[in-house]
Each structure stands twice: as C-alpha cells, then as structure tokens.
Amino acid sequence: MRKVQSIILWAVITVCVIGLITLPVNLQTQLIASTTVVSLMAIIKILKAGGVWRLIALAFGTAIVLRYVYWRTTETLPPVNQPENFIPGLLLYLAEMYSVMMLALSLFIVAMPMASRPSRVTARKLYPSVDVFVPSYNEDVTLLTNTLAAAKAMDYPADKLTVWLLDDGGTLQKQNSPDVREAEAAIARNQILSTLCDKLEVNYLTRAHNQHAKAGNLNNGLKHSKGELVAVFDADHAPARDFLLETVGYFADDPKLFLVQTPHFFINPDPLERNLRTFDWMPSENEMFYGIIQRGLDKWNAAFFCGSAAVLSRRALETTEGFSGISVTEDCETALALHSAGWNSVYVDKPLIAGLQPATFASFIGQRSRWAQGMMQILRFRFPLLKRGLSFPQRLCYMSSTLFWLFPFPRTIFLFAPLFYLLLDLQIFTASGGEFLAYTLAYMLVNLMMQNYLYGSFRWPWISELYEYVQTVHLLPAVISVMVNPRKPTFKVTAKDESVAVSRLSEISRPFFVIFAALAIALGITVYRVYTEPYKADVTLVVGGWNLLNLILAGCALGVVSERGEPSSSRRVKVRRRCEFGMGGTWHPASIEDVSVGGTRLQVFNRALSQSDLSAEAAIRFQPHGGGEPAMLPLVIRRVEPSGDATMLGCQYQPKGPLDHRWIADLIFANSAQWAEFQQSRRRNPGLLRGTIWFLGLSIYQTHRGLLYFLLGITRRRDGKPGGGNSQ
C-alpha cells in the first residue's frame, strides 16, 4: 500500500512540475520568475544553509533549467527548410542538451555525496596477506627506488607484505629486439632493477612479451603471487606508512568487496597550475573528482578503480580472469566488470599516496587523450547503460563517467557558434535580446550557481571551462579517431618526473593562438555591426558577449601553453621536523624545514657556516616515523643563508645505496597527514562573483604573458636562437 501511495505521490509531483515548466507566460513574467529564483538561490548560499536547504536551492535551479530546455526546444530552433541555419542550429541545440544531461547526472551523483569515512587505523585486528604491485615501463631508477622504498616501509606485518616491481621495460621481447639500442637498454635496465630489488628486498618480475600493456603486466603479477589482497601503485605514486592500515580493514567487513580506492594526491602542479601559478592556493583539478565525485559514486556503490592507490581482492579478480584489457583504461573497465558481477567497492577520502603529474602541456594532453579514448572504448564495447548485473544507479554513474569525455564536441560548438552569426550572419538561434536575457542568461547564472553549490570549495568559477577548453583543441581528433576505429588506441605511458629547463611555448600551442586571433577579429566585427546595424544591436550584443566570454577563456589558455622554465618538476613540501646536522664529526641541533624528492632545506643552530662550505659533505640524523634507531642520510650543501642565530642550508641528498632511499621516502612520503593539511589549506570557496572577478584578472594577465612569449619566440627564431618565451 505504501509503495502505491509513493508512486501516486511522485506521479502527482511530476504532473505538477511538467505543468509549471510548460506554462505559457509572457516575457516580463519569465524575467521576474528567473530573477526571483536566482535571488533565492543566492540568499540560501550567502546564509550557508545546508542539508534540506541545499536541495531546495538545487530544486529551484533545476526548475529554471527545465524551463529553459522547454523554451529552447519549442521556440528557438531555425526552420527545417533553411538548412544553412537549421544544421548548425541543431548542433548547438544538441550541445546544450548534452550539457543539461551531464548536469542532471551530476545532480544525481553528488547532490548529497557520502560523508568521508572515519580512520580505520585504530580498528585493525586482522592482517590479510598483501601483494604490492608497482608496474613500471620506462621510469627513472631513482623514481622507482623512492616508490619501492616507501612501499616496503608501510606499517604492516613484514610476513604479510610482499612488494613486487613489475617491469615491462626489461621484458624478453625488448631484450631480443632487432633494434640493438633498445635491446641493450632493456638488458641494462633488467640488470640494474634486479640488483636494486635485491638490495631493497623487493621481488623483481618481468615477462616474455609486452601484451595488453599495463593490464597484462598486472595479470602477470597475479600469476606469480598469492596474497589475499593486491595493492597497486603507479611507479610515481609513493604510499604513506598508514596506507594499508587505512584500507585493508574494509575487506573484513564485506566478503563481496573487491576494491578500496583512495585519492591520487600530487606533490607537483599540472601544467595549468604551474604556468598560471595557482598550485599553492587553489584546489587542484583532480580534487573535484576525488573530493566530491568519487564520494558521490561511493554512495551508489559505483566508486571505480583509478589504476593506482587502491587495494583489490584477489578472489574477486579471479572471477573475471584478472584485470580487463580491452580498453586503454583498464582500471575503470576492471571496476565495471566486477561491479556488474555483483561485487562492491569502497572509497576512502584521505590522501594516502603522493605522486607526480605531467609537467609539460604536451604530456598532459597525451595523458588526457588516453583517458578520453579509453572511456570511449568502454562506452563502445561495454555500454554501461545496458550492462547486465549493474543496478540502475550504477548504470547512471558509469554513463556519467564515460559520457563526460564527449565534452570536446559541445565545447567546440560553443566556441564557434557565435562566429556563425558574427561572420556569416546565420540565424542559428531565433530569439530576441530580451528573450536571451530572460531565458538564456538566467539559465547560465543558475548553471554556474548550481556548480558552485556542488563543487564550490573544490572547483573555482570558470576553471572547469578553462580545463575543458585547453583539452578540447587536441582531444577532439583523439576522440573522433577512437569512434572511427575503436580498437586503434594503444596504451602510452605518461612521462614522469619531467622538467621545463627554459621558458618557451609548448610545441602544441599553435592552434590556441589561431583560435584567439579568430575570436579577436570577431570581437572587432561585433563593434562594427553594432555601429552599422543598430536595429539588430540587441542580438549582436548578446552574441558578441558570448564571443567575448570565449575570448577571455582563449586568452587565459595562452598563458597555459606558455611554459614557465623551472629546474625541476619536484616541489618542496613543508615538514618542520627535528633532526641533527653533522659535519666534520660534530653534530648540531637542527630542524628540517621542507623536503623534495631531490633535497631538503635545514635550519641549523649553534654552527657558523659560510659560502666556503658549499659542496661540503654532511649528513642529518632523525627519528623515522616507524620508530627504532635514528636514521642517517648523507647530504651535500648547495646553498648557505645566515638567518639570525641560525643558518639556513639548501642540501641535496647523496644516497650511498638503495637503502638510503628508505630515509628519503620517510622524509617525504611517510606522513599522510601533511597531504591532507595541504589540501585543506587550499579548499575555500571564493563565491561566484569574487571568483569571476579573479578569473577575469587572471585571464588579462595570462593573455599578456602568452602574447609576449609568442612575440619573443618569433624574435628568437628570426635571430636563429632556439626556444621562445622568457623567464617570468
């Protein structure tokens, strides 16, 4: 009876909503209604009302969005008998409907995301055996050493923990390559890594052939190991000491659990953060996914494997014959297969690893192209909406995750749609200036406000649009290619530990300057048409405003592709840790101020040091996080700065062997609390108005910087000098 009453109630509500959406009203009434809803949403936001009020605000916004969709569908499409207007008009309409659909899926997933789970460290009782897989292909030995040392140092019973380096760079296939240089490199790599693993007491494993890329490498690890659980870390993802203690306990709670996924935290900025200088005070791009979306997916038992920083059940993997490898995104594909087989997942919202992001814009685009192509392959071969075994919410969650990567299509249409009117005088959107104001502007404001409600402290205004734009230019052909030939993409390893030695324009920056020039010309045409065609000024101003918004995004993107020169991709992390500084057989009290993967900055007391001590060998002693005897790490002094009664030293690590990397890992990666503190320090919501003003200022500066790099690049090429840009 209660179920019938519920169905009747929802049916009545649906009829009422449809009635309100389709109610014919005049333009003035619509404008008043839109203004009222925007004001109510703003008041609720200003008062910081959460819970039910948050849902009420989102419901108000949804009503405006649906009203816009109805108006857009019934009154704005060009006549079918005008194909020159109708075809681009229909493309624009479909792009807008895609955005509305993705907004609806986002609301379903993250309107009320699951709260972060409490720490499990103090609740540990059982210790299942764990195999730790570190798949590798062509990564630097030092990078691998730090990751393996950190994995080996995790707080877990030694007899229950086995660390494996799964090396796909030293396979027999590569050692026997007809390319002598490749063969010699593979043989040398095999020998070096075998020796390294022996000293670190880590298992080294390679295979005969490089089949199925990372998925095949992981499956080879499964064949040679026998732990109840499998932890996976990318070669540049070093775990904190408490990683396993925070994750393995969930498997005792649920026998049908196949995955515990944790966030990917990065100690270096991505190219946008580095070139825009936002890393230290604005949330990173991936924090929206790991801070909100994964928690929303977790609510519906749809949090998926992200390729690293996760623990999986061997028993579950065996039911699907290991890691899936049809697509180049084996992680999401594996999770989809296991979810559809009735297994469950858990997401732990705590950074427990520290990794490296691509440092150059080209590598960043290469990584995102693989993600986009892999998700398109999953959409093509697995089609989650019809995947047997998934619950309906899981189907929607996976559809959201895969359909998101179609964004290059609508983003391209939104970019060029104003030009159809300004340059070609095509009427692809039949509406007056007043209707634009009452419907379209209200829809845009509500859309921005809803995004701010959902992601405010994790994604600042206009940053999503910027990230999508800079990716669209190169992802569009990548997505089209996988649609035409879905089996064509192959797994390509993302470059690790890169650096940009000198300031320069990215090698793939040219399209961004061409687009900026086209939009700037269109801005000039807007001014001209307003002056020469005053009778159409209302529509011209609206379309010109749209083009101006695109120009602001395109100008900011010029700064993104203007690579700032930095000596290293590594970042310094503040730690404030007591130690002793030793030099010449004498030890002095000191503190470790910050650390990076290459060195540390010390504050030394009771010791007078000068520039004559540069390049001198020294050491530090400190207490490891795991306790026991003090650790000693060799250093070389690179910089000396007097500071009152103390001396600040910039030092470079000088490890005498692989075992010294245990202490480097302890300094940088062991304490997960420092990552959480750093993330929280950046999570603040500037609000829609302040965020928009900030982004406008950022765009103006980055447009200037990008054009300056471009002009200097032309000058240097004319003078026969390499590169472009400057040292800003």
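This one's a predicted model, so the numbers in the text were calculated from it and none came from an experiment.
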Any side-chain heavy-atom pair of [X] and [Y] under 4.5 Å:
X    : Y    : value
W694 : P686 : no
M41  : L58  : no
R705 : S562 : yes
F429 : L77  : no
I109 : L396 : no
F304 : Y398 : yes
I326 : R382 : yes
V470 : V561 : no

**Q.** side-chain contact (heavy atoms from CB on, under 4.5 Å) between I378 and F383, intermediate numbers included
**A.** CA-CA 6 Å; I378 291 175; F383 198 61; over 6 Å; no

Looking at [X] and [Y], would you say the former's side chain and the latter's main chain have a donor-acceptor pair under 3.5 Å?
X    : Y    : answer
T540 : A537 : no
N275 : R564 : yes
R274 : N268 : no
T703 : G555 : yes
R395 : L390 : yes
S363 : T360 : no

Using only heavy-atom distances, determine whether the side chains of [X] and [Y] contain a donor-acceptor pair under 3.5 Å.
X    : Y    : result
T36  : S39  : no
T692 : W462 : yes
E333 : T329 : no
T73  : Y93  : yes
Q377 : R487 : no
E563 : Y709 : no
N447 : Q451 : yes
S464 : R459 : yes

Evaluate whether atom [atom1] of [X] has more than 12 neighbouring non-hydrogen atoms of other residues, nucleotides or ligands under 6.0 angstrom away.
X    : atom1 : value
M97  : CE    : yes
F60  : CZ    : no
R690 : CZ    : no
Y528 : OH    : no
R684 : CZ    : yes

Q: Please assess I292 against L454 for the test side-chain contact (heavy atoms from CB on, under 4.5 Å), listing each intermediate value before the final yes or no.
A: CA-CA 8 Å; I292 292 289; L454 297 176; 5.8 Å; no

May I ask you to check whether [Y] and [X] place their ring centres under 6.0 Å from each other?
X    : Y    : answer
Y455 : W460 : no
Y439 : Y68  : no
Y98  : F414 : no

Q: State plainly whether the residues D425 and R529 are in salt-bridge range, i.e. N to O under 4.0 Å.
A: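 R529 and D425: salt-bridged.
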
Q) Taking 4.0 angstrom as the limit, do E285 and R368 come out as a salt bridge? A)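 Counted as a salt bridge, because a side-chain N and a carboxylate O are separated by less than 4.0 Å.
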
Q) Where do M112 and R54 land on the side-chain contact (heavy atoms from CB on, under 4.5 Å) test, with the steps shown first? A) CA-CA 9 Å; M112 295 293 285; R54 169 187 166 96; 4.3 Å; yes

Interatomic spacing from [atom1] in [X] to [atom2] in [Y] - rounded to 0.5 Å:
X    : Y    : atom1 : atom2 : value
I515 : T412 : CD1   : OG1   : 8.0 Å
F392 : F108 : CZ    : CZ    : 7.0 Å
I552 : Y469 : CD1   : OH    : 13.0 Å
Q679 : F458 : CD    : CZ    : 8.5 Å
L551 : S699 : CG    : OG    : 7.5 Å
L475 : S369 : CG    : OG    : 4.5 Å

Q.
Checking S34 against Y443 for the side chain to side chain donor-acceptor pair (under 3.5 Å) test, could you report, in this order, the C-alpha distance in whole Å, the side-chain angles of both residues, the deciding distance, and whether it holds?
A. CA-CA 8 Å; S34 299; Y443 161 71; over 6 Å; no

Q. Does NZ or CZ of K45 lie under 6.0 Å from the centre of the six-membered ring of Y453, at an angle within 45° of the ring axis?
A.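 Yes.
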
Q | Test side-chain hydrogen bond (donor to acceptor under 3.5 Å, both in side chains) applied to R411 and E468, Q471, E465, the passing residue | A |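 Single side-chain hydrogen bond (donor to acceptor under 3.5 Å, both in side chains) partner of R411 among E468, Q471, E465: E468.
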
Q | Test applied, side chain to side chain contact (heavy atoms under 4.5 Å, CB included); reference residue, M376; option that passes from W371, F381, W405 | A |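 Filter result, single survivor: W405.
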
Q: State which residue, out of L90, L92, V543, I87, fulfils the side chain to side chain contact (heavy atoms under 4.5 Å, CB included) condition with I428.
A: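 Exactly one pass, corresponding to L92.
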
Q: Describe, in one word, how the ring planes of H474 and F512 are oriented to each other, choosing from parallel (under 30°), tilted (30 to 60°) and perpendicular (over 60°).
A: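 Aromatic pair H474/F512 classed tilted.
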
Q) Can you say whether the rings of H264 and F266 are parallel (under 30°), tilted (30 to 60°) or perpendicular (over 60°)? A)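 Perpendicular: the ring planes of H264 and F266 meet at over 60°.
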
**Q.** Intermediate values then yes/no, side-chain contact (heavy atoms from CB on, under 4.5 Å), V479 and F409
**A.** CA-CA 9 Å; V479 173; F409 292 98; 3.6 Å; yes

(Q) Tell me every residue that passes side chain to side chain contact (heavy atoms under 4.5 Å, CB included) with E273, counting only those two or more places apart in sequence or in another chain. (A)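 Side chain to side chain contact (heavy atoms under 4.5 Å, CB included) check on E273 returns P269, D270, T278, F279, S284, Q357, Y467, R682.
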
Q: Give the C-alpha distance, both sets of side-chain angles, the deciding distance and a yes or no for side chain to side chain donor-acceptor pair (under 3.5 Å) between R370 and Q373.
A: CA-CA 5 Å; R370 178 172 65 84; Q373 291 182 322; over 6 Å; no

(Q) salt bridge (Lys or Arg N to Asp or Glu O under 4.0 Å), that's the test. Do R72 and E75 meet it? Break it down for me. (A) CA-CA 6 Å; R72 186 76 173 85; E75 299 186 32; over 6 Å; no

